[in-house]
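For this chain, numbers begin at 1 and follow the sequence in order.
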Amino acid sequence: MPKHIFVTGGVASSLGKGLTASSLGRLLKMRGLRVTMQKLDPYINVDPGTMNPFEHGEVFVTDDGGETDLDLGHYERFIDENLTRSSNATTGSIYQAVLAAERRGDYLGKTVQVIPHITDEIKRRIRRIATDDTDVVITEVGGTVGDIEILPFLEAIRQFRNEAGRDNVCYLHVTLVPFIGPSGEQKTKPTQHSVTELRSRGIQPDVIVCRSEEPLSSSLKRKISLMCDVDTNAVINAADVRNIYELPLILHEEGLDGVVCEVLRLDGEPDLTAWETLVNRVDESVKPVRIGLIGKYVDLQDAYLSVVESLKHAGFHHGAKVDIDWIQAEEVEGLLGSGRLNGLDGMVIPGGFGPRGIEGKIAAAAHARENLVPCLGLCLGMQVMTIEFARHVLGMSDANSTEFEPSTTHPVIDLMVDQRDVTMKGGTMRLGAYYAVLQPGSKVAEAYGETVVSERHRHRYEFNYTMRSRFEEAGILCSGTSPDKRLVEFIELVDHPFWVGTQAHPEFKSRPDRAHPLFRELIGAALVHREQRLASARSETSRVN
């Protein structure tokens with residue numbers, strides 16, 4: 001039977017429950033255990049797919065097409081396992097399943113209640129991913145203890161220990177130990193209240209992870225141990241770190257994985273060698289490279305979380321420290337010719353939906369093409385690169401996507417034919433992993449090192465395949481297509497150092513110790529461009545002097 005770890009949070013949101021859970025998952029995996037992870041989210045949306053990025057941040061997509069919470073991205077990047085749609089369950093999806101069962105008569109006319117019907121469905125979701133090839137399941141409960149929305153989840157995981165057995169369940173609670181400036185003290189009272197609230201729901205934590213700006217003293221740990229009724233060695237301090245990939249090593253030094261394994265009766269010691277090598281590589285990544293991220297949602301940087309992490313991973317590969325310039329797409333046209341755009345070493349145009357900022361993204365793609373700035377377009381990014389090329393090279397002045405201008409005479413981006421009559425929101429997208437066949441000798445094929453690849457998708461509109469020949473005659477290579485050749489998956493500009501677009505979202509598959517090929521090549525080209533740009537500036541300075 002798999003062991004279960006339940007991660008809850010208290011005091012405040014955004015303390016890093018997801019990163020703590022991910023780090024623990026990595027530590028257990030380094031002990032040779034088979035680990036999978038899950039997020040239980042208290043919001044009533046069925047999934048985050050239709051939520052505003054400013055509300056929720058990034059929607060992470062799994063291979064099987066699940067639109068999930070962004071924490072699943074952290075899980076995959078840390079434990080290096082591909083998760084599924086079953087790894088994310090929301091209040092909305094749980095109630096939807098219970099109501100559907102009630103309508104079918106599955107409850108034989110009984111009164112449907114939170115206990116046992118909702119809590120049973122939550123437990124069923126947890127057991128669903130506890131397969132025979134898994135040793136440990138880590139389940140993070142979203143929200144904060146004390147929120148009304150998470151009460152059914154807390155009750156479900158309380159019941160779970162009684163059913164699975166005490167040695168098979170570990171409760172881990174993440175709290176905040178704030179520093180109060182005027183008194184110059186770290187305060188444990190919020191942690192005490194948070195644990196009291198959790199215990200009032202019938203859950204006694206086995207481990208408390210205390211987030212803090214600075215390390216906690218041993219006396220504060222003893223105080224938390226006494227007041228919260230946990231062993232002193234089970235009070236784990238997670239002080240702020242320089243980069244998130246240090247966290248597993250710091251938590252190991254604090255003894256987190258050892259305490260958890262003691263609770264769950266698990267043996268073994270972790271081999272930290274590979275992760276220590278990664279952290280050393282991160283520390284040694286100092287070569288500066290400036291990448292412009294041309295986005296519609298840059299006011300909430302979590303909307304592009306996987307893109308940012310993928311850029312960092314590529315930087316680690318090249319020993320480079322990536323400096324991201326967050327550029328609002330709507331402001332790009334006013335920045336043309338400015339030092340801000342001219343100072344970029346590379347550019348990413350990420351995905352998104354809707355017409356806002358599209359002209360700015362098109363202007364950014366034009367700037368990158370004309371000035372030989374390395375540029376990677378992701379999903380919508382590839383589409384605006386297509387529109388830009390059609391307008392300014394092919395002479396199609398009104399070229400557009402039918403998403404933004406249904407009446408355009410040059411619909412270079414359009415719905416697939418079999419989608420045009422489908423109007424239900426959320427019912428028309430290409431979601432999850434799809435294969436692509438790459439053109440041998442293309443930049444994309446050389447980056448991947450193979451000619452058949454699989455990438456995750458989340459979009460409705462496609463490159464208009466009927467116009468492919470006109471693009472290729474003008475210098476655009478459709479370097480990857482679907483196996484049946486109906487869909488264009490990758491494009492690249494033949495006479496450009498790196499002007500590449502993909503209909504997919506490769507950022508979802510990047511790993512800290514294995515940068516995604518497209519991001520790796522983007523940063524490599526950006527480093528070359530930076531050297532050329534600086535050399536040109538030095539030459540101009542010498543000429544003037």
So which atom in [X] and which in [Y] form the shortest heavy-atom distance, rounded to 0.1 Å?
X    : Y    : result
P42  : E149 : CB-CB, 3.7 Å
C379 : H459 : SG-CB, 3.5 Å
L378 : V307 : CD1-CG2, 3.9 Å
G142 : I150 : O-CG2, 3.2 Å
I157 : I203 : CG1-CD1, 3.6 Å
F508 : V59  : CZ-O, 3.3 Å

Residue pair [X] / [Y], side-chain heavy-atom distance below 4.5 Å:
X    : Y    : value
L251 : L24  : no
F353 : Y461 : no
V259 : N233 : yes
L151 : V114 : no
R456 : K509 : yes
L305 : D302 : yes

Charged N to carboxylate O below 4.0 Å: is that the case for [X] and [Y]?
X    : Y    : answer
E102 : K110 : no
R85  : D47  : no
D240 : R211 : yes
D206 : R161 : yes
K3   : D135 : no
E403 : R460 : no

**Request:** Assign the ring pair W326 / Y304 to parallel, tilted or perpendicular, where the plane angle (0 to 90°) is split at 30° and 60°.
**Result:** tilted

**Request:** Hey, can you tell me if F490 and Y448 have their rings parallel, tilted or perpendicular (30° and 60° cut-offs)?
**Result:**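 Because their plane-to-plane angle is over 60°, the rings of F490 and Y448 count as perpendicular.
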
**Prompt:** Are Y245 and H313 an aromatic pair by the rule of ring centers under 6.0 Å?
**Reply:** yes

**Prompt:** Any chance the rings of H4 and Y171 have centres within less than 6.0 Å?
**Reply:**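 No, the ring centres sit 6.0 Å or more apart.
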
**Request:** Evaluate side-chain hydrogen bond (donor to acceptor under 3.5 Å, both in side chains) for T191 paired with T188, printing each intermediate quantity in order.
**Result:** CA-CA 5 Å; T191 293; T188 66; over 6 Å; no

Any donor-acceptor pair under 3.5 Å linking the side chain of [X] with the backbone of [Y]?
X    : Y    : answer
R31  : G268 : yes
K296 : G354 : yes
R511 : E76  : yes
T90  : N45  : yes
T232 : R222 : no
N88  : K39  : yes
T20  : G16  : yes
Q38  : R125 : yes
T196 : Q192 : yes
D41  : Y43  : no

Under 6.0 Å from the [atom1] atom of [X], do we count more than 12 heavy atoms belonging to anything else shown?
X    : atom1 : result
I44  : CD1   : no
R124 : CZ    : yes
Q204 : CD    : yes
K223 : NZ    : no
Y435 : OH    : no
N162 : CG    : yes
E213 : CD    : no
E246 : CD    : yes

**Request:** Carefully, step by step, assess R486 and E462 under the rule side chain to side chain contact (heavy atoms under 4.5 Å, CB included).
**Result:** CA-CA 10 Å; R486 290 178 60 238; E462 305 280 353; over 6 Å; no

Kindly compute the distance separating [atom1] ([X]) from [atom2] ([Y]), expressed to the nearest 0.5 Å.
X    : Y    : atom1 : atom2 : result
L438 : E489 : CG    : CD    : 9.5 Å
F160 : N168 : CZ    : CG    : 9.0 Å
D267 : C261 : CG    : SG    : 8.5 Å

**Asked** Under the side-chain hydrogen bond (donor to acceptor under 3.5 Å, both in side chains) criterion, do S212 and N237 qualify, and how do the steps go?
**Response** CA-CA 7 Å; S212 62; N237 184 204; 3.0 Å; yes

**Message:** Working note: R77 + S306, criterion side-chain hydrogen bond (donor to acceptor under 3.5 Å, both in side chains); need CA distance, chi angles, decisive distance, verdict.
**Reply:** CA-CA 9 Å; R77 286 186 285 272; S306 290; 3.0 Å; yes

**Residues S510, L311; criterion side chain to side chain contact (heavy atoms under 4.5 Å, CB included); working and verdict** = CA-CA 9 Å; S510 186; L311 288 169; over 6 Å; no

**Request:** List the steps and the verdict of side chain to side chain contact (heavy atoms under 4.5 Å, CB included) for L272 and L27.
**Result:** CA-CA 8 Å; L272 304 174; L27 289 170; 4.0 Å; yes

**Asked** Are side-chain N/O atoms of E455 and H516 paired as donor and acceptor at under 3.5 Å?
**Response** yes

**Message:** Within the 3.5 Å criterion, strictly below it, is a donor on Q503 or Y434 matched to an acceptor on the partner's side chain?
**Reply:**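 No donor-acceptor contact under 3.5 Å links the two side chains.
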
**Request:** Please test F179 against E214 for side chain to side chain contact (heavy atoms under 4.5 Å, CB included), starting from the C-alpha separation and ending with a verdict.
**Result:** CA-CA 8 Å; F179 177 79; E214 299 294 335; over 6 Å; no

**Message:** Show, in sequence, the C-alpha distance, side-chain angles and deciding distance for D80 and K29, and conclude whether the salt bridge (charged side-chain N to carboxylate O under 4.0 Å, His left out) test is met.
**Reply:** CA-CA 9 Å; D80 198 12; K29 189 173 180 181; 5.0 Å; no

